[in-house]
Every structure is written in structure tokens, then in C-alpha cells.
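Here the structure is laid out as C-alpha cells; the discussion comes afterwards.
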Amino acid sequence: MPSIRLGIVGKGGVGKTTVAGLVARAFVERGRTVVAIDTDSNPNLGLSLGLTLAQTEAIPVLPRSIIVGSGGSTTAERLVADYGRPTPAGPTLLSAIRVAEAGAGCTCGGHATVRGMLSDALSGVDVVLVDMEAGLEHLSRSGGTLAYADVLLVVCEPTRKSVLTATRTAALAEELGIPRTLAVGNKAQSAEDVEFFTATLNEGGLSLATVLPFDQQVARADRAGSVDATAIPAGLVGAVDQILDAVADAMSTAVQ
Amino acid sequence: MRVAFVGKGGAGKSSIAGVFARMLARQGARVLALDSDPMPGLAYSLGVPSQDAGIPADAVEEYEDDDGRRRYRLRSGLDPSAAIERYSTVSPDGVRFLQLGKARGVKGENSLSHQAYQLIVDSLSSDDWSVVGDLPGGTRQAFFGWGRFAQTVLVVAEPTPASVLTARRLARLALHSSAPRVLAVANKTRGEADVRYVERGTGLPVAGSVPYDETQRDADRRGVALLDLDADTPLVAAVASLVSSLSAEEALR
């Protein structure tokens, strides 16, 4: 079993995929073997891990609705070997869902496969990180894609709406039995923004792992569509380290 | 006019849709603003209090069709306009706001409420209502046909590769549905080059360019509608001009 199974969630546009890429890279820098799974029907995680768009789109999509593990037709290891692709940032990337045309089928099957993968032993892998599609349908539907996650990172930006989404997400996660949820404030441009996160997340009963400052290098990379994923931007190193430390703390606290 | 705003999460769909709906209402149209996001959505940018409640389950009734299958329809005596009257809230400028109930828990069973929402939307008459819909970010709902009420799909895109990539995927979905027209709205632009980038990246005609707006950031943090904070901002001016040009076009058709 991977030692940490991490889900990354939050409102659209808050920076889930960017944070997922940074956290994945930071685990690699600490010597961990990382598998990253993109469950967005509109996959972009490859870009944050240093692939080009063409490479991202060429990643084969995981088969749908297969039973993984004991009694199933395959194992998580097999799926990583067959469908995973290496990335410049270090993690092996898997793509779970892709929507090509309207009415071409349902995405639930892809989520079911990811759920199965998280439930299965995956030897030789330390961290499995799942970048979730915005919205909560798949946190709640069919037992929940992330039902086997150890820690949920819920990302928000300095807006009321993203914080409200974060607190809703945390409530659902608790109902699902995900043991620990940590908030990450993103794109803070001022002390006022940091204060905003502290006050509003506290009010919502969420514990704040860290606040990532708005970073010019990330913004430029977003606009250019090419990320140097082999190094964490200097301005974010400290905050990303705090996320990993908070995850480690959460893991060591026995909950449930 | 019936428009649906789609786009990547965070592209600015709700911010633009809220201003769009209110500006359209100021021109005298009877406007219905639709929010099908199960997470907190359009209420903030329209300026109505954010609530969770959707349409109550008793708005629909079950019946058997000719083949003996169980179907749903609006409760007898409840026509779409009456349903809107009853289940919508009124925003500043008189926009009627109808939303999908917000997700609160894993066990909340809301399929009847969703049925009611879709039945109302599907049976609206164009003669009575101008419709401004705000779909959740990403490709999921568009994929399942939630934007099918629209005559014009407005794909909101920032000048970034991830945003135009989503827009391109959405354009493909929209073009497969019955919407006759798909246009891009470039958002958070900082010059003509950004507009051209969105045009090239989405492969769509750009109906409007909305400049980056610092006041919108402030409104987002406070959780208030931009129009109620400051009506004289670049975003408001750009959306007003988008409303005018689409209305003028509509009048010619």
C-alpha cells in the first residue's frame, strides 16, 4: 500500500492542478516515488508536470470500471505499468478520464477505476496523488473516487466562493470517512489575502496548511503553457514544504 | 435571447454572466438567470443572497407514458412561468434567479429537484423569457446536455493555454448539440494580443473582450456583486457592450 494517498480538490480555477504539480515534485525531491492520477475530464496535469500539450493528450486513458486488486482482472501495479507515463517532474502520470464528444458515454467508469486503484496494494510507490475534477459529484457518487484517500488537500483562492466550496467539500469528505482534510490558500497577493484565508477558513472549521503567495513564475508559465517542472519556483519552496510537513503531521495523527 | 456561459473553472463565467443578466434586464428584457452548478455559483455575482435550497421535490409528479414507463412532469397547474414565479428569487434589476440545489452532503437525495429544474428549463418559451445560463466549469455538464436551452453558447476563455484548451473541447461539445452558434468571450485580457490569442486558440469568433478587472478581485473576496460595488469598471463596460452587440444582432434576425 502506498504510504500516502492524497486527493487534491477545490473550486475550478483555484490552482488545484498547479498545487498538485508542486506537491508531486516536492515529494520527488524528498526521494519519494510518486504516481499522479488526473481525473479531470479535461486533463491538464501533464502540463504542470512538465509535459507538452501533445504529450499530455497522448497519454492513454485508463480502462473504465475494472475491478482492481484481489478478485479483479488487474492490479494497480499492472495499470501503472501499462498506462503510466514518466514526466519531467519525476512522477509517473496516469490519465483516468477524457471527454471527446457530447453523448459519448459516462465518466463514472473512469472514477470507479481510480477508486479501485487507491484501494489496492501498490508496492514500490510511496505517494499516490489524485488531481480531482472541480465539483463534488465524484467525491460523493458511487462510493466516492477518493473514499480510500488518507488526506484531502482542498485548495482555495482569496474569494468567498472558493472558501465556501472548500468548507462544503470538507463536510462531504468527513461524511465519506476521509480521515483528514487540510486547506491550502493560493494566489495570496497581500497580507490582507493571508488574513482572509485565516479568518474565513477558521470560521469554516478548516485547518490551514499554508498560504501560497501569488507567483509571477507560475503565472508566466500558465500563459506560456510550458512549465519547468524540474524545479519549484523559488518564491514557493517554503510554502510547498509546509504542505508536505502538514501532510506528514496529519498522517502521524491517528484519526478514526 | 438565450445564452449559456461555459468555460474552464475560474475563467470568469459567473462574474460575466451576473453582469450580463442584469445589463440585459436594464434594457427592459424579462430575464431568467440559470445556475446549474451544484456548488455555490451565480448568486454572488448577481447580488442575491447565496442559498442552498433547490426546487422542492413536489414541483414534479410522476406519471406513466403510453408505453407504461415512469416519467416526470411539472405538477398539474404549474406551468413554467408559474414555477419560475414561485421558485426563483429576484435579484437587483429584476432578474429572476433559478438554481439547482447546492450539494450539502453525500446522502442528500435531490434527483426530483434536478428533474424539476430541467423540466422548467426545457419547457420555457423564448417569447416570454431571455435566458442567461451559467454552467459549472469544465466539460462535464456541457457533455451531458445541460446547456441545450441555449441559442448561443458563449465560451469564456482566459488567454492561457489551459483555458483555451478547455474552450476548444467545449466548442466541440457545443457544436455537436443543438446550439446553432458558439462564440468565445476573451476574459482577463491585457491587450489586443490576448484577444487574438483566444481567437486563435479556441478557433472561435470572439464576441467580446473583457479586460482584467482589479475591482472584480475585490468583489470576489468580499462575496458581493461587482455591479453593487462599483458599476463603473472595465468588466462592466465590456459586458454591457457585449449585451448591446448580441441584442442588436438578435433584433436583425
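Just so we're on the same page: letters track the sequence lines, and every chain starts at 1.
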Counting only non-hydrogen atoms closer than 4.5 Å, does A:Asp193 touch chain B with its backbone (N, CA, C, O), its side chain (CB onward), both, or neither?
both

Cationic N near anionic O, under 4.0 Å, A:Glu157 to B:Arg217
no

Out of curiosity, B:Arg221 CZ to A:Phe197 CZ, how far, rounded to the nearest 0.5 Å?
9.5 Å

Would you sort out whether A:Arg168 and B:Asp52 count as a side chain to side chain contact (heavy atoms under 4.5 Å, CB included), showing the intermediate values?
CA-CA 11 Å; A:Arg168 293 292 163 83; B:Asp52 290 340; 3.0 Å; yes

CG of A:Asp222 to CD of B:Glu158, rounded to nearest 0.5 Å, is 8.0 Å

Looking at every heavy atom in both A:Gly225 and B:Pro161, which two are closest together, and how far apart are they?
CA-CG, 3.2 Å

If you count heavy-atom pairs within less than 4.5 Å of chain A, which of B:Val164, B:Leu165, B:Asp218, B:Val224 leads?
B:Leu165

Which region of A:Glu57, side chain (C-beta onward) or backbone (N, CA, C, O), has a non-hydrogen atom less than 4.5 Å from a non-hydrogen atom of chain B, or is it both or neither?
side chain

N/O donor-acceptor pair under 3.5 Å between A:Lys161 side chain and B:Gly223 backbone:
no

Taking every heavy-atom pair that is under 4.5 Å apart, which of B:Gly41, B:Gly137, B:Ser163, B:Ser14 has the most such pairs with chain A?
B:Gly41

Heavy-atom cut-off 4.5 Å, strictly under: side chain, backbone, both or neither for A:Ser190 against chain B?
side chain

Residues A:Arg223, B:Asp194: salt bridge by 4.0 Å N-O rule:
yes

Turns out that what part of B:Pro136 lies under 4.5 Å from chain A's heavy atoms comes down to neither

With a 4.5 angstrom heavy-atom cut-off, could you sort out which part of B:Ser50 is near chain A: side chain, backbone, both or neither?
side chain

Crowded around A:Gln189 CD? As in, over 12 foreign heavy atoms under 6.0 Å?
yes

To the nearest 0.5 Å, how far apart are OG1 in B:Thr160 and CG in A:Asn44?
8.5 Å

Would one find more than 12 heavy atoms of other residues, nucleotides or ligands at under 6.0 Å from atom CD of A:Gln55?
yes

